[in-house]
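Reviewing the structure listed below.
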Amino acid sequence: MPNQTIFVSDIHLCESRPSITDAFVNFINKITNQVDALYILGDLFEYWIGDDSKQHENVISAIKALTDRHIKVFLMHGNRDFLLGPVFEKKTGAVLLEDPTLIKIYGKKILLCHGDSLCTDDTEYQSFKNKVRDESWKNEFLKKPLHERILIANEFRKQSELNKKNKSEEIMDANPDEVNRVLTQFNYPDFFIHGHTHRPNYHSINLDGHEMQRLVLGDWYEQGSYLTMDLHGIKTYKL
């Protein structure tokens with residue numbers, strides 16, 4: 001069997017949904033040695049309040065067991081877990097990637113991102129993102145006691161859900177012009193893989209004479225899904 005690479009996104013692990021945590025840990029534990037790498041493209045966690053917290057230690061242990069078997073794990077920050085840091089990397093053996101990142105595997109150029117940066121029509125969200133990604137904001141937040149950080153994170157989550165109800169589906173989706181701009185910036189990769197929008201789909205793109213595929217990963221709120229890539233191409237699976 002040829003080696004393969006796995007891509008997932010938007011797992012949104014949360015104490016309130018232990019069945020999804022169990023499903024993800026089971027998924028990790030079943031990854032065979034034929035797998036070269038696992039890419040998690042943001043929002044592994046519903047929220048992350050800092051590397052000094054004791055959140056999700058069973059998930060951390062499962063990822064560490066995977067990297068101990070010399071299977072590489074790469075993570076990207078999502079809009080929910082952008083505070084994942086070097087201590088998390090050390091505990092898991094995983095590597096945090098810049099967003100976006102261009103990789104080349106099996107002879108193909110693949111552009112990876114979480115996907116929130118593509119939703120440029122959602123100006124309210126982009127403004128919020130700029131605020132909380134600022135280094136001074138993050139440093140101030142991480143100085144707060146854990147219980148206070150949890151309260152703030154939960155308030156952000158509530159506000160996010162309220163905001164979604166008042167926004168159109170189009171505003172919260174990837175902007176086609178921004179997608180094309182990024183594809184051009186990265187010199188027309190063969191595949192563009194991202195999550196965030198929770199709208200799993202395959203999009204064929206013809207841009208400046210280049211044929212490309214944009215693959216949107218599904219979320220794990222109700223069930224798990226993932227992509228695999230090997231020398232023969234890409235396949236989608238549901239758990």
Side-chain angles (χ1 to χ4, degrees), residues 7-14 39-53 55-56 74-89 94-102 111-144 148-186 192-200 214-221:
F7 301 90
V8 296
S9 184
D10 299 280
I11 315 297
H12 290 279
L13 298 175
C14 184
Y39 286 84
I40 304 169
L41 302 185
D43 285 352
L44 172 59
F45 301 108
E46 177 71 1
Y47 64 92
W48 188 260
I49 56 171
D51 285 359
D52 57 335
S53 71
Q55 296 173 264
H56 303 291
F74 299 97
L75 287 111
M76 204 168 264
H77 288 131
N79 51 296
R80 301 294 188 127
D81 54 11
F82 58 89
L83 290 170
L84 288 168
V87 175
F88 180 85
E89 286 183 291
V95 175
L96 281 164
L97 297 176
E98 291 292 320
D99 182 357
T101 286
L102 184 68
L111 182 61
L112 307 173
C113 79
H114 175 54
D116 57 338
S117 61
L118 303 172
C119 302
T120 53
D121 293 329
D122 192 347
T123 54
E124 183 183 30
Y125 166 72
Q126 297 299 337
S127 176
F128 172 78
K129 178 183 176 180
N130 288 337
K131 181 182 86 168
V132 299
R133 298 296 181 94
D134 182 79
E135 287 303 317
S136 60
W137 188 96
K138 289 193 286 186
N139 290 337
E140 285 301 312
F141 179 81
L142 291 171
K143 288 177 187 174
K144 298 180 188 296
E148 190 176 341
R149 283 184 253 162
I150 290 171
L151 290 173
I152 293 170
N154 282 324
E155 190 56 41
F156 282 166
R157 290 167 67 204
K158 285 180 192 172
Q159 194 60 48
S160 174
E161 291 308 310
L162 284 172
N163 290 343
K164 282 179 187 175
K165 291 177 182 176
N166 297 320
K167 292 176 184 175
S168 69
E169 291 292 311
E170 290 76 22
I171 281 177
M172 293 187 291
D173 204 355
N175 177 288
D177 291 336
E178 180 64 12
V179 169
N180 289 347
R181 187 194 70 77
V182 174
L183 288 170
T184 304
Q185 178 188 347
F186 284 88
F192 186 11
I193 304 176
H194 69 84
H196 179 67
T197 62
H198 300 186
R199 301 176 193 190
R214 178 166 71 96
L215 311 175
V216 186
L217 294 162
D219 62 274
W220 283 45
Y221 273 108

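All figures in this text were calculated on a predicted structure; none of them were measured in a lab.
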Heavy-atom count around Glu161 CD within 6.0 Å, excluding the residue itself: above 12?
yes
Looking only at side-chain N and O atoms, does Asn79 offer a donor or acceptor that is under 3.5 Å from a partner on Asp116?
no
Are the ring centres of Phe45 and His12 closer than 6.0 Å?
no
Does Val132 reach the side chain of Phe141, with side-chain heavy atoms less than 4.5 Å apart?
no
Side chain to side chain donor-acceptor pair (under 3.5 Å) between Asn163 and Gln159: does it pass, once the steps are laid out?
CA-CA 6 Å; Asn163 290 343; Gln159 194 60 48; 3.2 Å; yes
Working note: Asp81 + Asp43, criterion side-chain contact (heavy atoms from CB on, under 4.5 Å); need CA distance, chi angles, decisive distance, verdict.
CA-CA 6 Å; Asp81 54 11; Asp43 285 352; 3.8 Å; yes
If you round to the nearest 0.5 Å, how far is CG of Asn175 from OG1 of Thr120?
3.5 Å
Should Leu83 and Ile49 count as side-chain neighbours, where that means a heavy-atom distance under 4.5 Å?
no
Correct closest heavy-atom pair for Ala94 and Leu75 would be CB-CD1, 3.1 Å
Pair Lys164 + Asp122: basic N to acidic O under 4.0 Å:
no
Tyr39: which of Leu97, Val8, Ile193 passes side-chain contact (heavy atoms from CB on, under 4.5 Å):
Leu97
Pick one: which of Gln55, Arg80, His56 meets side chain to side chain donor-acceptor pair (under 3.5 Å) with Glu46?
Arg80
Heavy-atom closest contact (Ser117 atom, Glu178 atom, distance)
O-CG, 4.0 Å
Nearest heavy-atom contact between Met172 and Cys119 is O-SG, 3.5 Å
Do Phe192 and Phe186 have ring centres separated by under 6.0 Å?
no
Side-chain heavy-atom pair Thr101, Glu98 within 4.5 angstrom cut-off
yes
Closest non-hydrogen contact found for His198 with Asp219 is CB-OD1, 3.1 Å
Apply the test side-chain contact (heavy atoms from CB on, under 4.5 Å) to residues Ser160 and Glu155: give CA-CA distance (whole Å), side-chain angles for both, the deciding distance (0.1 Å), then the verdict.
CA-CA 9 Å; Ser160 174; Glu155 190 56 41; over 6 Å; no
Taking all atoms of both residues into account, what is the closest heavy-atom pair of Asp51 and Val87, and its distance?
OD2-N, 3.0 Å
Are any non-hydrogen side-chain atoms of Asp10 and Trp220 less than 4.5 angstrom apart?
no
Working to the nearest 0.5 Å, report the span between CD of Gln126 and CZ of Arg133.
9.5 Å
Test item: Leu41 and Leu217 side chains (from C-beta on) under 4.5 Å apart, heavy atoms:
yes
Heavy-atom closest pair (Gly50 atom, Ser53 atom, distance to 0.1 Å) is O-OG, 3.0 Å
Evaluate the side-chain proximity of His194 to Ser9: yes if any heavy-atom separation is below 4.5 Å, no if none is.
no
Rounded distance (nearest 0.5 Å) linking atom CZ of Phe82 with atom NZ of Lys138
7.5 Å
Step by step, work out the side-chain contact (heavy atoms from CB on, under 4.5 Å) result for Leu118 and Val182.
CA-CA 9 Å; Leu118 303 172; Val182 174; 4.1 Å; yes
Supply the atom-to-atom distance Leu111 CG to Leu215 CG, rounded to the nearest 0.5 angstrom.
11.5 Å
Could you walk me through whether Leu142 and Lys144 satisfy the side-chain contact (heavy atoms from CB on, under 4.5 Å) test, starting with their C-alpha distance in whole Å, then the side-chain angles of each, then the deciding distance to 0.1 Å, before giving a yes or no?
CA-CA 5 Å; Leu142 291 171; Lys144 298 180 188 296; over 6 Å; no
Close side-chain approach of Asn154 to Arg149, heavy-atom, < 4.5 Å
no
For residues Trp48 and Phe88, establish whether the separation of their ring centroids is below 6.0 Å.
yes
Could you check whether any side-chain heavy atom of Leu112 comes within less than 4.5 Å of a side-chain heavy atom of Pro100, counting everything from C-beta outward?
no
Contacts of type ring pair (Phe, Tyr, Trp, His ring centres under 6.0 Å), residue His77, not counting sequence neighbours:
none
Tyr125 and Phe128 aromatic ring geometry - parallel, tilted or perpendicular at 30°/60° bounds
tilted
To the nearest 0.5 Å, tell me how far Leu102 CG sits from Gln185 CD.
10.5 Å
